[in-house]
Amino acid sequence: MPFDPESVAPLLLDWYGREGRELPWRGTRDPYRVWLSEIMLQQTGVATVIPYYQRFLERFPTVLDLAAAELDAAIELWAGLGYYSRARNLHAAARKVTAEHGGRFPETLEALQALPGVGRSTAGAIRAIAFDRPGVILDGNVRRVLCRLLAVTDDPRATATEKELWRWAEALTPENRSHDYAQAIMDLGATLCTPRRPDCPRCPLAGLCRAKALGLEDELPRRAARKSVPTRMQVALLLERDGRFLVRQRPFSGMLGGLWEFPASDVAEGQLPLVVARRLLADLGLAGEPTEAGRVRHVYSHFKLDLRLYRAAVTDEFAVAEGVASRRLTAVELADLPLHGAHKKVLSDLIQSQPSTPESRSRP
DNA sequence: AATTCGGGGTC
DNA sequence: GACCCAGAATT
């Protein structure tokens, strides 16, 4: 063992007392607020989360308010934040806390982790921050700090490394001051022990850090190369009648669950987008010829989207599939609808081009 | 063990 | 462009 594990927490806690960040979800130990912030912060930056956190709390001040609301209301407040299964799980967890725990958050790790969307690390964070009981965290910040502190040179996401890091995270987590320690070690990763150019001169752990001793602080953690992401093509139909456009709600399960979009369809490899657009129009029970209306590119975590837009003026009634929610809204009204990101980009074009113009509005 | 899930900030 | 982010759930 390169150093005494118990020497880490006092250094971190002292530093945190002086340099810790002030954030909207700090200064409270309300388990509901702690939980909400932890879910929003999964794979999402602090600056992005803050306005969503504030809006969500205004609309749903307590877990009972959230449990009483429809899933649609939660998704609407989540629109733009990404990873929408979090909103779905959040709503389900609120109902579980209400139904099974009388509206009070459970305090044990087992019960916390049994809540939808709460995994091992988030359960540890809630346990520590809300209840001030020892809870072990292994998020991106802690993973990076530990890889450097202990000079772990293997891929940190490999299973064996992950197990090793969890063991270290447990060994370093103190019995006392859990509320502060959890946030201290995450703050260190967020402010000093950053992915690039770590600020070692200001780091309270610099004297213990194996990576620094070895001159590896800029090279660790050493992640395996990521696979390149494929590009998928889709078509979307801008179907206008009397200044209103047809939109449909996506199924709650799966990608972008519960968000709204213009009618869209995948374009398979080797298929012509115009042919797919015609088929989609026909499937909606409409006559007419789609005309090219621009293009939108959007990047997801595991593929890139090449979205081809087609416009068609229609006079017939839309035939939307059974069980699919649909609306006909003006461009202005669409701005208040929880559209997903790619189709949100379409909207900005749509408003600029009011009233409708047939020419292409392809973006550079 | 690998894949699925978003979107924005940063360099 | 590539990388990262207070990861969890699914297969």
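Below, chain A is the first sequence line, B the second, and so on; all start at residue 1.
Separation of the P atoms belonging to B:dG6 and C:dT11 is 15 Å when rounded to the nearest angstrom. C:dA6 and B:dT10: their P atoms are spaced 13 Å apart (whole Å).
Looking at heavy-atom distances under 4.0 Å, A:Gly189 makes no contact with the nucleic acid at all. Within 4.0 Å of A:Leu81, counting heavy atoms only, lies at least one base atom of the nucleic acid. Backbone-only engagement by A:Ser121 is indicated by non-hydrogen atom pairs under 4.0 Å involving sugar-phosphate atoms exclusively. Counting any heavy atom pair closer than 4.0 Å across all strands shown, A:Ile129 reaches no nucleic acid atom. Note on A:Arg157: a base of the nucleic acid sits closer than 4.0 angstrom, heavy atoms only. No contact: A:Trp78 has no heavy atom under 4.0 Å from any strand. No contact: A:Arg88 has no heavy atom under 4.0 Å from any strand.
Here B:dT3 presents its P atom at 17 Å from CD of A:Gln43, a figure rounded to the nearest Å. Rounded to whole angstrom, the span from the NZ atom of A:Lys227 across to the C1' atom of B:dA2 amounts to 8 Å. The interatomic distance linking A:Arg226 (CZ) with B:dT3 (P) rounds to 13 Å, in whole Å. In this structure, A:Gln42 places its CD atom 16 Å from P of B:dG7, rounding to the nearest Å. Atom OH in A:Tyr300 sits roughly 11 Å away from atom P in B:dC5 (whole-Å rounding). Separating the CZ atom of A:Arg232 from the C1' atom of B:dT3 is a distance of 11 Å, rounded to the nearest angstrom. Atom pair A:Arg250:CZ and B:dG6:P shows a separation of 8 Å (rounding to whole Å applied). Computed from coordinates, the A:Leu305 CG to B:dG6 C1' distance equals 12 Å when rounded to whole Å.
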Item checked: Verdict with reasoning, A:His298 to A:Tyr300, per ring-ring contact (aromatic ring centres under 6.0 Å, His included) -> CA-CA 7 Å; A:His298 197 72; A:Tyr300 296 106; 4.9 Å; yes
Notebook entry, point to check: After noting the C-alpha distance and the side-chain angles of A:Trp25 and A:Val46, does the key distance pass the side-chain contact (heavy atoms from CB on, under 4.5 Å) rule?
Noted result: CA-CA 11 Å; A:Trp25 42 88; A:Val46 164; 4.0 Å; yes
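Each of A:Ala47 and A:Leu256 has a nearest nucleotide on DNA chain B; the 5'-most of these lies closest to A:Leu256. Of the residues near DNA chain C, A:Val46 and A:Pro116, the one whose nearest nucleotide (by heavy atom distance) lies more toward the 5' end is A:Val46. Two residues, A:Met255 and A:Ala160, neighbour DNA chain B, and the one matched to the more 5' nucleotide by heavy-atom proximity is A:Ala160.
A donor and an acceptor atom never sit less than 3.5 Å apart when one is taken from the side chain of A:Thr48 and the other from the base of B:dG9. Judged by distance alone, with hydrogens and angles left aside, A:Arg21 brings a side-chain donor or acceptor within reach of the base of C:dA6, the pair sitting under 3.5 Å.
The side chain of A:Tyr83 approaches B:dC5 more closely than any other nucleotide in the set C:dC4, B:dC5, B:dA1. Which of C:dA8, B:dA1, B:dG6 sits closest to the side chain of A:Thr122 comes down to C:dA8.
Residue A:His302 places no side-chain N or O under 4.0 Å from the OP1 or OP2 atom of B:dT4. For A:Lys344, no side-chain nitrogen or oxygen approaches OP1 or OP2 of B:dG7 to under 4.0 Å. A:His298 has a side-chain polar atom (N or O) that falls below the 4.0 Å cut-off from OP1 or OP2 of B:dG7. Look at A:Ser85 and you won't find any side-chain N or O under 4.0 angstrom from OP1 or OP2 of B:dT4.
A continuous path of hydrophobic side-chain contacts links A:Val142 to A:Phe3 [ILVMFWY only; heavy atoms under 4.5 Å].
The backbone N or O of A:Arg86 lies less than 3.5 Å from no partner atom in the side chain of A:Asn89, so there is not a single donor-acceptor pair.
Applying the 6.0 Å contact sphere to CZ of A:Arg197 captures no more than 12 heavy atoms from other residues, nucleotides or ligands. No more than 12 heavy atoms of other residues, nucleotides or ligands sit less than 6.0 Å from atom CZ of A:Arg202.
Here the rule is side-chain contact (heavy atoms from CB on, under 4.5 Å) with A:Val276, and of A:Arg308, A:Gln271, A:Gln234 only A:Gln271 fits it.
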